[in-house]
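Naming convention: chains lettered A, B, ... in sequence-line order (proteins, then strands); numbering from 1 in each chain.
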Amino acid sequence: MKRTDTKIGWKSVLLMATVLMAAACSKKDTPGPDAGKTGAFSIEFDNIVSEETFGFHPREYTNAKGEKFSIKLLQYFISNIKLYKADGSEYTVPQEDSYFLVNGGDRSTRFTKVMAPEGDYTKVSFIVGVDAERSKMPVEQRKGVLSFNPDEGHEGGGMYWGWNSGYIFFKFEGYCGLISDDQQGDPTGNKQFKYHIGGFGGYSAPTINNVKTVTVDLTQAGTAQVREGLRSNVHLFVDIMQVFNGPHTFSIPEHPNVMFSEYSVNIANNFPSMFTHDHTENFVRSEDEL
Amino acid sequence: MNFKMKKLLVLAILVGLVFACKKGNDVLPDIFAGFTRPANFPGPEYDFSRNPVTEAGFELGKRLFYEPRLSRNNTIACGSCHIQSASFTHHGHDVSHGIDDRLGTRNPMPIVNMAWQGEFFWDGGVFDLDLSPVNAITSPVEMDETVPNVIRKLREHPDYPVLFKKAFGTEEITDARMFMALSQFMLMAVSADSKYDKVMRNEDGASFTEAEQKGYMFFKEHCATCHSEPLFTDRSYRNNGIGPNRVNDIGRDSVTLNPQDRYKFKVPSLRNWQYTAPYMHDGRFLTLNRVLEHYRNGMVDSETLDPVFRQPDGTIGIPMTDEEKEHLTAFLQTLNDREFVTNPLFAEPEINGGMLVN
C-alpha cells in the first residue's frame with residue numbers, strides 16, 4: 001500500500017509539474033485576448049508553382065495542357081483585408097492601410113502587415129486587385145503602392161492602364177515556346193505571354209469586373225492569434241500554376257495575350273483557387289523568425 | 001480700429017499682395033485672373049475645392065506642360081502635340097508624331113474647356129482630368145516614359161522643387177501635386193470669347209449677320225442634339241457614320257467592351273474648328289467643307305450608327321441645301337475664338353532666354 005501510494009504520489013507530482021509548466025508557458029506566451037489592445041497581423045503570400053518553388057526564366061514548368069513555360073514577371077495587388085472570429089464578428093482593416101503590391105521578384109513584398117485588435121481569428125478575406133471605390137478616387141487619395149511615386153508606387157511594375165484609367169490587378173508575363181510569331185502570338189518572335197488582368201466594373205458605363213474577394217478558412221491549418229507586441233502571420237501558398245490549371249483550364253498558345261478583354265474574366269475566375277492556407281505562425285517577435 | 005482704418009489696412013494688404021506677386025513672377029503678373037466661369041457656361045464638372053487654381057500652381061502647370069522631360073528621351077512635351085495656335089491640338093496632322101517620330105492612331109483632341117468635361121479622350125477611357133497626363137506619358141507612341149521616372153527627373157532639376165514649394169507649400173514633388181498643377185494649367189484653358197459668345201452675352205453690341213442667324217437656326221434644328229450649346233458637345237459617344245478606318249479603331253467599345261459602343265467616339269466640340277483641322281478621331285477630313293459633305297451624303301450605315309441620322313424616308317445623314325450649307329458655315333465661323341489661341345497667358349514660357357519646345 002505504502003509503496004503504491006508513493007508511486008502514485010511521484011506520478012502525480014510529475015503530472016502536476018508538467019501541467020504547471022504548461023500553464024506557466026501558456027500564460028507567458030498566450031494571454032487571453034484583450035480587444036482594447038492591438039497586435040501585428042500579416043498574411044504571407046508565398047508564391048509557388050504547383051508542387052515546386054517559384055523561380056524565374058530559364059526555370060521551366062509544365063501546365064495541365066503539357067505546355068512548358070517560364071516566368072519573367074509576376075506582380076499583384078492585395079487589398080481590403082478583413083479578419084473574422086469564430087463568433088462571426090469581423091474586423092476590417094482601415095482601407096487606406098490595406099493596399100499591398102506583391103512582387104514575385106522581391107521576397108520582402110510578400111507580407112501584408114497590418115495592425116488588428118487582439119483576438120483569435122478563424123477566417124481572413126482579401127481582394128486580389130483594387131476595389132472599385134478606390135479605383136475612382138482622386139489622385140491625392142491614392143497613396144503608397146497606389147501612387148505613381150518613385151520607390152513606393154506601382155508604376156515601376158506598370159500596374160496601371162493610362163488609356164483606360166484603372167489598376168492592373170494581376171500582371172503575369174513569361175515565355176512559352178509554343179507561342180506563334182504572328183499577330184495572334186508574339187510578333188517580336190520572343191515567344192512571350194502577357195496576362196494583364198484588371199477591370200473594376202467601369203466608371204460611367206458598366207464593363208467587366210475582375211475584383212475578386214478571396215476568403216481563407218484558418219481552422220484547419222491554424223487560427224491567427226493576434227496579441228500586443230507580437231505578430232501573427234498567416235502563411236498562404238499562392239499557386240501560380242492555377243492561372244492555367246484553375247477551374248478554367250486554358251492553353252497558353254491559344255491565349256498568349258490577355259489584357260482588358262472579355263476573356264480576362266476566365267483568368268480572374270481562376271484566382272481564388274490559387275490561395276491555400278499552409279500554416280500560421282503566432283506570437284512572432286521578429287520577421288526574421290518567419 | 002475704425003472703419004476707415006480697416007479700409008486702409010485692406011488696401012495696404014492688397015497692394016502688398018500685388019507687389020508680392022510681381023516679385024514672385026515677373027513674366028506675366030497682370031493677366032492671371034484665376035478660373036472664372038463664363039456667364040453663358042454651366043457650372044464646371046471639375047471639383048475645384050480639391051485643387052483650387054492659384055497663380056503659382058498655374059505657372060508650375062504651364063512649365064510642366066511645356067516640359068520635354070515628361071518623355072523618355074526628353075524630346076516631347078504636352079505642348080509638342082497640343083499647340084496653342086491650333087487651340088491646343090496638332091494642326092495639320094491627322095495623327096500626331098510622338099517620340100522617335102512614332103505615329104499614333106488618333107488625332108489629338110484640343111485641350112479646351114476641360115473644366116466642363118468629366119471623361120477624356122476619344123473613347124472616354126480616362127475619367128479624371130488629373131489622370132489624363134498618364135495616358136500621354138506612358139503611351140509608347142507619345143512620350144514612352146513612366147510617371148516615377150518623370151518625378152525623379154523633376155526632383156533632380158534645380159528649378160522644380162522651388163516651383164512646387166511656391167505652388168503647394170512644399171518642395172516635395174509627388175505624383176498628385178504634379179497632376180494637380182498640370183490640371184490647373186489645363187483648367188485655365190477656357191475658350192469663351194468667340195463672336196457667338198459675345199452675341200449670347202450681349203457684349204460689345206455683337207450680333208449675328210443675317211446669314212449667321214439663318215445658319216444658327218439650321219444648327220439648332222439639325223446639329224445641336226449632339227453639338228449642344230454652349231460647349232458644342234453633349235459629351236456623349238456616337239457613331240457618326242464615317243465608317244471604320246484601316247486599323248479598325250472600335251472607339252468606345254475598347255473601354256466598355258460593349259458591342260453597342262462599337263465605332264462610337266466622343267462628340268468633339270465645334271469651338272475653334274478653324275484652328276483644329278484635320279477633323280474626326282483619325283483626322284481623315286482636312287476641311288470643314290468635307291465634314292459637311294460627309295453629313296450631307298457621305299455617311300456609311302452600320303448597326304451602331306446614331307439613330308439621329310436616320311431620316312423618315314430611310315436615307316441617312318443631314319439633308320442640307322447649298323444655301324443652308326453656306327449659312328451653317330457662316331454660323332460656325334462665329335465659334336472661333338482668336339483671343340484664346342493668341343492669349344499670352346498660355347504661351348510657352350521663356351526659360352533662360354530660350355524656348356523648350358517650339
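From B:Asp130, atom CG reaches atom OG of A:Ser165 across 10.5 Å, with rounding to the nearest 0.5 Å. Separation of atoms CD (B:Glu172) and CG (A:Asn149) is listed at 7.5 Å; rounding is to 0.5 Å. Considering CD of B:Glu145 and CD of A:Glu155, their distance stands at 9.0 Å, rounded to 0.5 Å. Taking CZ of B:Arg106 as the start and CH2 of A:Trp163 as the end, the distance is 8.5 Å to the nearest 0.5 Å.
Across every non-hydrogen atom of B:Thr256 and A:Ala205, the tightest pair is CG2-CB, 3.7 Å.
Using a 4.5 Å cut-off between heavy atoms, B:Thr138 touches chain A through its side chain atoms alone. Looking at B:Ser254, both its backbone and its side chain come within 4.5 Å of chain A, counting heavy atoms on both sides. Contacts between A:Ser135 and chain B at a heavy-atom distance below 4.5 Å involve the backbone alone (N, CA, C, O). In this structure, chain B has a heavy atom under 4.5 Å from the backbone of A:Ser261, while its side chain stays farther away. Interface remark: B:Met180 contributes side-chain atoms only to the contact with chain A (heavy atom separation under 4.5 Å). Contacts of B:Phe121 with chain A are absent, with no heavy-atom separation under 4.5 Å from either backbone or side chain.
Checked options B:Ile137, B:Val150, B:Thr146, B:Asp175; the residue passing with A:Phe148 is B:Asp175 (criterion: side-chain contact (heavy atoms from CB on, under 4.5 Å)).
Between B:Arg50 and A:Val139 the shortest side-chain heavy-atom distance falls below 4.5 Å.
Each of B:Val134, B:Asn149, B:Ile173, B:Leu257 has some count of heavy-atom pairs under 4.5 Å with chain A, and the biggest count is that of B:Leu257. With respect to chain A, the highest number of heavy-atom pairs below 4.5 Å among B:Asp123, B:Asp261, B:Thr174 belongs to B:Thr174. When A:Lys143, A:His154, A:Glu152, A:Arg142 are compared by the number of non-hydrogen pairs under 4.5 Å with chain B, A:Arg142 comes out ahead. Listed options B:Asp47, B:Asn51, B:Leu131, B:Asn258 were ranked by heavy-atom pairs under 4.5 angstrom with chain A; first place goes to B:Leu131.
Using a 4.0 Å cut-off between charged side-chain N and carboxylate O, B:Arg152 and A:Asp151 make a salt bridge.
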Worked verdict on A:Glu140 versus B:Arg177 for side-chain contact (heavy atoms from CB on, under 4.5 Å): CA-CA 8 Å; A:Glu140 67 272 21; B:Arg177 291 185 193 117; over 6 Å; no

